[in-house]
Amino acid sequence: MTSPPPLIEQHVLEYPGGYTRSVGTAVSRYLTGLRDGVIVGVRIGDGRVMVPPTEYDPETGAALDEYVEVGPAGTVVAWTWVSEPRSGKHHLTKPFAFALVRPDGADVPMVHVVDVAAADEMAVGMRVMPRWASERVGYVTDLDAWVPISDGETPSAAAVNTAEVSGEPVTGITVPIRLEYEINAGRAPSKYLRSLAEHKIIGQRAVDSDKVYVPPRGSDPTTGAPTTIEVEVSDVGTVTTFCVVNLPGLSEFAPEVPFVCAQILLDGSNTPWFGLVQGLPADEVRMGLRVQAVWADVLVPDARSIKWFEPNGEPDAPYDTYREYA
Amino acid sequence: MGAVRTAVVGVGQTRHVSARHDVSIAGLVREAALEALEDAGMDFGDIDAVVVGKAPDTFEGVLMPELYLADALGAVGKPLLRVHTAGSVGGSTAIVAAKLVMAGIHKRVLTVSFEKQSESNATWGLSVSMPFTAPLVAGAGGYFAPLIRAYIARSGAPRHIGHLVAVKDRRAALRNPKAHLHLPDIDLKTVEESFLLWDPLRYLDTCPSSDGAMALVIGAEDVADAAPGPAAWVHGTAMRSEPTMFAGRDQVNPQAGRDCAADVYAQAGITNPREDFDCAEVYVPFSWYEPMWLENLGFCAEGDGWKLTEAGVTAPDGDIPWNPSGGVLSSNPIGASGMIRFGEAAQQVRERAGDYQVPLKTGLALGHAYGGGSQFFSMWVVGNRKPE
Amino acid sequence: MRDVAVISFAQETAVKDRERNEVEFISPVVRDAVAGSGIARHDIGFTISGSCDYLSGGPFTFVQGLDAAGAWPPVKESHVEMDAAWALYEAWVAIQTGDVDSALIYGFGKSSLTDIHEVITLQTDPYTVAPLWPSMVDLAALQASALFAEGDVTERDLAEVAARSRRDACANPFAVVSEEVDADTLLGRPVTHAPLRDSDIAPVTDGAAAIVIAAAEVAHDVCARPAWIRGIDHRVDAPHIGVRDLTTSASTRRAGEEAGALQGGFDVAELHAQFSHDELLLRAALGLSAETAINPSGGALGANPLMASGLIRIGEVFRRINAGEIGRGLAHATQGPCLQQNLVCILEGE
């Protein structure tokens with residue numbers, strides 16, 4: 001018998017709107033410079049000019065404040081080729097080079113991109129100049145790319161910025177970071193989640209004790225030993241403790257506040273289950289309340305198959321029966 | 001304890017605010033680090049190793065940010081460690097740094113912890129919903145509020161006890177210029193009338209979300225003897241962890257916390273914490289955690305914590321002040337909060353706590369941090385005299 | 001300093017494991033390492049892990065991992081957001097303080113859940129570099145390019161490293177890439193990340209590893225051939241790769257000096273070289289001679305489960321000492337762009 005394929009879901013890790021970064025003195029000088037069409041570095045403790053600048057020496061951590069305008073032309077000191085730019089990450093849409101470029105007047109090369117048509121146009125030692133974005137907002141891509149300079153050519157000054165920005169120094173940037181993952185539930189949780197789709201709750205019993213874990217995670221946390229014995233538990237349980245939530249918009253199954261979020265000890269299980277309690281006013285929910293799962297109309301291998309719990313009419317459980325779980 | 005006597009010889013921290021728009025992440029941590037170095041009479045060149053702690057990297061969207069911060073913290077060419085133990089991380093980071101000295105490996109260690117929560121926000125950062133795991137439908141408060149309810153049921157505590165802590169710690173913060181919240185008009189009524197977020201927790205029963213950093217310079221005995229300022233000698237350090245969830249786990253009064261306290265007390269010769277300490281800086285992110293930790297840390301019998309709070313025993317002028325700095329309820333850059341507790345305990349025994357200095361009798365103070373689902377604990381005892 | 005030895009090691013790898021979650025992945029590895037140590041779980045004094053939230057896509061990865069470690073009754077425990085080789089360093093420090101006599105160290109990560117090379121970009125400067133999204137491979141390729149520009153290293157040198165690693169990996173059941181191949185064959189394959197070929201780049205690998213270390217008084221009782229830690233040190237370079245001399249690894253050199261590596265005499269060196277040219281840089285920085293066999297396991301070019309891979313290098317040296325095959329070996333771990341942070345650990349038999 002072959003086991004069913006693992007449960008896998010796509011997951012996106014992204015702070016909505018992007019990280020809001022305040023940039024501090026040195027990065028402000030750098031980004032403000034890029035916005036204004038110049039490259040700013042800083043003189044470090046050993047006398048070299050480093051770009052991008054930092055507020056502190058890269059070797060000693062000592063404070064730095066001697067900013068130096070460098071470029072505009074520069075020299076490629078190392079490069080690699082990106083044959084497939086990634087949408088939403090790279091700002092260039094055609095294949096390009098990442099390079100270490102040392103601007104004239106700087107001693108330290110900086111990481112940025114070089115825009116040429118093909119990898120065979122790249123070489124260490126090649127001379128490049130900035131291609132400035134026409135709309136510059138105080139972001140690292142205001143320098144759109146370095147591009148080759150032909151012999152005898154002189155880089156011209158950056159064109160007038162077409163973006164509507166103030167002349168004030170750049171103090172902050174917003175950085176979008178969207179990462180995609182393919183998450184698998186694991187063996188034990190998959191069995192449990194699949195049981196929900198069959199209107200059952202399957203947990204696992206620890207090998208070394210009689211304790212039943214629901215949801216199971218695949219190991220007995222007290223010993224680290226795999227839990228391999230499957231046990232069906234009831235969809236009826238006892239509220240061991242709870243809180244009344246007044247923050248709206250937290251759960252699709254509790255559109256209105258107040259709602260109750262409870263730890264529920266299912267009959268036959270030894271670990272609390274976190275669930276919603278509905279079907280009675282929030283101020284009547286109490287510890288010891290006996291409740292039964294309310295299942296969704298369409299069952300899926302997902303925690304959402306149980307919408308919430310409602311009182312089942314049984315008398316409250318005595319405190320001593322669940323004290324060690326509260 | 002290790003063979004080498006070890007002390008805090010420098011303490012620095014930023015002013016904690018909801019958003020530090022004027023600095024980069026590097027600028028934030030350097031403020032704390034440079035203040036600690038100045039206090040110790042040192043500069044980066046004197047430091048042998050750097051230990052960085054913070055909560056999840058997703059908060060700032062920088063992966064292992066200590067790598068980007070290596071030069072900002074003067075760590076280039078040196079050993080650099082990064083600790084992450086959830087909410088207890090500030091405390092455990094200080095302990096890792098202290099152990100480098102106790103073990104005789106280094107003489108002078110800089111340790112820094114931080115959070116710049118305004119780069120994203122704490123609610124998002126703490127509750128990223130993962131596939132296949134039941135979402136925390138009610139946020140961090142929704143996780144801890146049921147445990148508080150369980151505590152109230154066990155102990156029979158009156159409902160206003162939490163609010164008393166909320167007022168006490170905010171009033172204490174008025175004497176601490178670096179605290180995030182300064183609420184001069186707070187009283188029981190304003191707490192009772194604040195929004196009921198997660199019954200029994202009201203808005204003012206909960207901690208703020210802060211940008212901030214904390215730094216300590218930890219030195220060996222000869223370094224401390226030669227330091228320009230007073231030393232806070234480390235009399236004991238301890239860490240304990242237990243799993244998030246297992247059958248029969250006491251989430252209200254966790255065994256790991258009790259074991260951790262017993263360990264650190266044994267090292268420091270503490271037999272009656274209420275009498276043996278001059279004060280305690282304890283991680284109380286929700287007001288009710290003061291009475292809960294009073295019991296967990298053995299300052300009273302189980303069930304009696306709320307009585308101490310109610311009697312004013314833990315107030316700045318009580319017989320065992322808890323969180324005279326204003327505590328986590330007044331400033332909470334998550335990754336730094338534990339180290340702030342450890343550092344504030346050190347400042348008290350160094351008599352460097354300014355307007356919130358407590359009188360010293362025993363010269364010993366407790367620093368405490370916890371994290372995760374009340375499952376990770378770190379503690380140290382510091383004193384104004386050398387350990388035996 | 002107390003004498004401390006590695007006494008047990010276990011690992012597990014996969015190209016792309018979609019059956020097990022992290023806990024299910026780690027649990028057997030921890031169990032095997034503990035069983036192999038001869039010390040009962042609750043007699044092991046300290047527990048520490050290395051893992052990374054960004055590999056699993058959400059915060060507090062290590063909290064889940066603790067479920068695999070048997071942390072009840074409560075344990076003395078810590079976690080580094082670093083390769084677990086640094087967790088081993090912290091454990092070694094804990095033993096040096098005298099507080100504990102033994103430690104369980106484990107590291108884990110499933111690099112295959114996401115585009116790991118892209119995720120590692122977030123280690124770079126968050127204002128001026130990360131927003132351009134150079135991947136971990138792009139940055140390594142820049143280092144290779146700088147090395148080529150200096151003129152002492154050629155494509156063939158890289159291909160020789162890659163071919164030897166792939167051949168050696170054939171004998172390692174935990175390698176996820178292996179083949180009987182020579183440098184000429186590899187040179188005939190396309191350059192994918194100029195100047196690198198796919199064979200120069202460590203494979204994306206899921207994996208976990210666990211090690212138990214103990215102070216002498218414990219190690220002698222439970223282990224016939226412990227691998228003694230004769231030196232361990234780690235150092236970090238500046239984050240800005242332009243300010244570094246990319247044709248060497250200053251932090252590796254320094255860590256090697258401090259750990260005592262420059263005396264040489266190693267039968268084996270397991271270097272955490274994630275790219276073929278890393279091996280050349282590391283060999284030079286550590287002054288390794290021709291008598292030292294480099295990465296007989298196939299190294300990271302055979303399997304590279306991030307967060308465990310550095311610890312596995314220590315484990316591989318231990319394994320050979322423990323089997324009586326070698327007397328003295330060097331293990332190396334790295335993390336950060338272009339070999340930014342490096343750890344060197346020297347192990348010896350009796």
Side-chain angles (χ1 to χ4, degrees), chain A residues 6 8 11 13 19 21 23 27 30-31 44 48 50-52 54 58-59 77-83 86 89-91 98-100 102 108-113 119 122 124-125 139-141 173 175 177 179-189 217-226, chain C residues 17-24 26-28 30-31 34 41 54 56-58 64 66-72 112-115 118-119 121-122 124-134 137-139 141-146 148-149 191-196 238-243 246:
Chain A
I8 292 174
H11 166 62
L13 179 62
Y19 286 90
R21 306 211 184 285
V23 299
V27 175
Y30 181 64
L31 295 178
I44 61 178
R48 292 185 293 166
M50 179 177 82
V51 58
T54 52
E59 284 295 318
V77 301
W79 65 274
T80 185
W81 190 248
V82 178
S83 51
R86 280 163 289 144
K89 301 288 190 309
H90 296 138
H91 67 288
F98 271 112
L100 279 167
R102 185 173 55 240
V108 169
M110 56 184 274
V111 175
H112 213 289
V113 303
M122 289 298 301
V124 170
Y139 202 67
V140 68
T141 51
I173 55 175
V175 181
I177 297 174
L179 302 173
E180 293 174 11
Y181 295 80
E182 185 182 276
I183 306 291
N184 61 301
R187 289 173 182 154
R217 292 204 246 184
S219 76
D220 174 350
T222 65
T223 63
Chain C
D17 187 299
R18 287 296 178 272
E19 286 285 332
R20 293 170 291 177
N21 59 30
E22 276 93 341
V23 170
E24 291 167 331
I26 305 162
S27 172
V30 168
R31 186 188 56 214
V34 171
R41 174 67 187 95
Y54 265 109
S56 55
Q64 299 270 324
L66 191 63
D67 279 356
W72 184 259
S112 75
L113 299 181
T114 184
D115 181 339
E118 177 179 280
V119 166
T121 298
L122 299 179
T124 60
D125 182 289
Y127 314 100
T128 62
V129 181
L132 295 168
W133 290 95
V137 177
D138 295 332
L139 293 168
L142 289 179
Q143 182 160 29
S145 172
F148 279 29
V191 169
T192 52
H193 294 77
L196 303 178
H240 188 327
I241 63 168
V243 86
L246 290 178

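Residue numbering restarts at 1 for every chain, and letters A, B, ... go by the order of the sequence lines.
Closest non-hydrogen pair, A:A78 versus C:S145, comes out as CA-OG, 3.3 Å. Between C:P126 and A:V175, the shortest heavy-atom distance links the atoms O-CG2, 4.2 Å. Heavy atoms only, all atoms of each residue included: A:A99 and C:L142 are closest at CA-CD2, 3.8 Å.
Separating the CG atom in C:L246 from the CG atom in A:L100 is a distance of 6.5 Å, to the nearest 0.5 Å. Here OH of A:Y139 is found 8.0 Å from CG of C:L132. Values are rounded to the nearest 0.5 Å.
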Query - Residues C:Y127, A:T54; criterion side chain to side chain contact (heavy atoms under 4.5 Å, CB included); working and verdict - result: CA-CA 11 Å; C:Y127 314 100; A:T54 52; over 6 Å; no
Query raised in the report: Can A:R48 and C:V243 be said to form a side chain to side chain contact (heavy atoms under 4.5 Å, CB included), step by step?
Result: CA-CA 9 Å; A:R48 292 185 293 166; C:V243 86; 3.6 Å; yes
**Report entry** Steps toward side chain to side chain contact (heavy atoms under 4.5 Å, CB included) verdict (C:Y54, A:L13)
**Finding:** CA-CA 9 Å; C:Y54 265 109; A:L13 179 62; 3.6 Å; yes
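Heavy-atom pairs under 4.5 Å with chain C were tallied for A:D220, A:V108, A:V124; the largest tally goes to A:V108. Counting heavy-atom pairs closer than 4.5 Å to chain C, the top residue among A:G218, A:S219, A:A225 is A:S219. Annotation: maximal heavy-atom pairing with chain A below 4.5 Å, among C:E24, C:R41, C:Q143, occurs at C:E24. Of the listed residues (A:M122, A:H112, A:H91), the greatest number of heavy-atom pairs within a distance under 4.5 Å of chain C belongs to A:H112. In terms of heavy-atom pairs under 4.5 angstrom with chain A, the leader among C:T128, C:V34, C:L66, C:V30 is C:T128. The candidate with the highest count of non-hydrogen atom pairs below 4.5 Å against chain A, out of C:A68, C:P195, C:A149, C:P134, is C:P134.
Both the backbone and the side chain of A:V23 come within less than 4.5 Å of a heavy atom of chain C. For A:Y181, the parts lying near chain C are the backbone and the side chain together; criterion is any non-hydrogen pair under 4.5 Å. For chain A, no part of C:I26 is nearby; none of its heavy atoms comes within less than 4.5 Å. Using a 4.5 Å cut-off between heavy atoms, A:I177 touches chain C through backbone and side chain atoms alike. With a 4.5 Å cut-off on non-hydrogen atoms, C:R31 touches chain A through its side chain but not through its backbone. Proximity to chain A is absent for every atom of C:T121, based on heavy atoms less than 4.5 angstrom apart. Contact of C:P239 with chain A is not made at all, since no heavy-atom distance falls under 4.5 Å. For A:A119, no part lies near chain C; criterion is any non-hydrogen pair under 4.5 Å. Both the backbone and the side chain of A:V111 come within less than 4.5 Å of a heavy atom of chain C. Residue contact with chain A, scored on non-hydrogen atoms closer than 4.5 Å, involves the backbone and the side chain of C:A146 alike. When heavy atoms are compared at a cutoff of 4.5 Å, A:V51 approaches chain C solely by way of its backbone atoms N, CA, C and O. Proximity to chain C (any heavy atom under 4.5 Å) is restricted, for A:R86, to the side chain, taken from C-beta onward.
A distance-only check finds no donor-acceptor pair linking the side chain of A:T80 to the backbone of C:D138 [under 3.5 Å]. Looking at C:H240, its side chain never comes within 3.5 Å of a backbone N or O of A:P58 through a donor-acceptor pair. Checked by atom type and distance alone, the side chain of C:S27 pairs as donor or acceptor with a backbone atom of A:G224 at under 3.5 Å.
Partners of C:R18 according to the side-chain contact (heavy atoms from CB on, under 4.5 Å) rule, which considers only residues two or more places apart in sequence or in another chain, are A:P6, A:I8, A:E182, A:N184, C:K16, C:S112, C:L113, C:D206. Here A:R21 pairs with B:E119 under the salt bridge (charged side-chain N to carboxylate O under 4.0 Å, His left out) rule; sequence neighbours left out.
Annotation: side chain of A:P189 is in contact with side chain of C:N21 (closest heavy-atom distance under 4.5 Å). Side chains of A:L179 and C:E118 form a contact here, defined as non-hydrogen atoms less than 4.5 Å apart.
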